[in-house]
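Worksheet: the structure to be examined is printed underneath.
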2 protein chains.
Amino acid sequence: MSKPRAKLTDNFPGCPVESTLSFLDGKWKGVILYHLLEDGTLRFNELRRRIPSVTQRMLTKQLRELEEAGLVERTVFPVVPPRVDYKLTPLGLSLEPVIAALRLWGKEHVICENGRKYMVMPEAKTPSKAA
Amino acid sequence: MSKPRAKLTDNFPGCPVESTLSFLDGKWKGVILYHLLEDGTLRFNELRRRIPSVTQRMLTKQLRELEEAGLVERTVFPVVPPRVDYKLTPLGLSLEPVIAALRLWGKEHVICENGRKYMVMPEAKTPSKAA
DNA sequence: CGGCATCCCGAGGGATACTG
DNA sequence: CAGTATCCCTCGGGATGCCG
């Protein structure tokens, strides 16, 4: 709801880019959004399982920030073993093209393996034979 | 060139998103890329002027990281007043859809004003009267 | 003009332990 | 199950000053 949630960005042509990125800021927001887009609704530990190297502290924090930003909706069920669902709000869902673009570029240009990243150059010059 | 420039990402479905975001990490990479996409080639101070609140230290750092990542090419002209040009590499240019998506979402959902950001909700429920 | 070098601070974020 | 609460430390990043 139009909170002045500002992080001092430039009021300049590139600003929309800056602004959008500021919502994806933090180490895990992108992946969280990705999984919520994929699976619709997820419980806390379901998310954890999908993002193995996140700690519960960080997952909680990032989810709260996403919630505050109005991108994620948190639903608490008052049941014996606590149950909390996370899903995207309409605003969160509107990020789908952004996440899709990020994902596509990653799939095309980055090899993710054993927690390492390797760049994949576009113009494969294949100097003589690929390494 | 396939340097193991890793920042420990998850080897999981969301990984491409993570990976791509890791290249946009840092406070200014997104905007820098945006402006280089817009203008093609820019000198150091031309970039500074387009990103008023960046310090030269930070601009330098982020440019170096983009260069190391293979997204930006730096050309030094050995002339009396030093001249350095920055432009995108083919790999950098390939990020165009990503930046475009970021920019579009920002333009549609964020109002950037006086260094503040205001969210623009999609479903204007106007409960009774907007606050 | 286009940088480095240095100092310094606070936020980001990991590890661990406890709780309703 | 889904968190809080602490501790602690790295490092992102601003400010300032000097240089070829």
Nearest whole angstrom, please: distance from the P of C:dG12 to the CG of A:Asp25.
8 Å
Could you tell me the separation between the CZ atom of A:Phe44 and the P atom of D:dG3, rounded to a whole number of Å?
5 Å
Nucleotide C:dA15, atom P - distance to CZ of A:Arg57 in whole Å
12 Å
Whole angstrom is fine here: how far is it from CE in A:Met58 over to P in C:dA15?
11 Å
Do B:Leu42 and B:Asp85 have side-chain heavy atoms sitting under 4.5 Å apart?
no
Output the rounded distance in Å from CZ (A:Arg83) to P (D:dC1).
13 Å
Just N and O in the side chain of A:Gln56: are any of them under 4.0 Å from OP1 or OP2 of D:dC1?
no
Students often get this wrong, so: under 4.0 angstrom with heavy atoms, is A:Arg74 touching a base, only sugar-phosphate, or nothing?
sugar-phosphate
Protein-nucleotide distance (A:Glu65, atom CD; C:dA11, atom P), rounded to Å
13 Å
Students often get this wrong, so: under 4.0 angstrom with heavy atoms, is B:Tyr86 touching a base, only sugar-phosphate, or nothing?
sugar-phosphate
Any non-hydrogen side-chain atom of A:Arg64 less than 4.5 Å from a side-chain atom of A:Lys61?
no
Pairwise side-chain contact, B:Leu71 with B:Lys29, heavy-atom cut-off 4.5 Å (strictly under)
no
Tell me the interatomic distance from A:Trp28, atom CH2, to C:dG13, atom C1', rounded to whole angstroms.
10 Å
Look at the side-chain N and O atoms of B:Lys61 and state whether any lies under 4.0 Å from the OP1 or OP2 oxygen of C:dG3.
no
Measure the distance from CZ on B:Arg49 to C1' on C:dG2 and round it to the nearest whole Å.
12 Å
Given C:dC1, C:dG13, C:dG3, identify the nucleotide with an atom nearest to the side chain of B:Thr60.
C:dG3
Going by the angle between their ring planes, with limits at 30° and 60°, are A:Phe44 and A:Tyr86 parallel, tilted or perpendicular?
tilted
Out of D:dG3, C:dG3, C:dG13, which has the shortest distance to the side chain of B:Arg64?
C:dG3
Please determine whether a side-chain nitrogen or oxygen atom of A:Gln62 lies at a distance below 4.0 Å from atom OP1 or OP2 of C:dG13.
yes
Spell out, as yes or no, whether a donor-acceptor pair under 3.5 Å connects the side chain of A:Thr89 to the backbone of A:Gly70.
yes
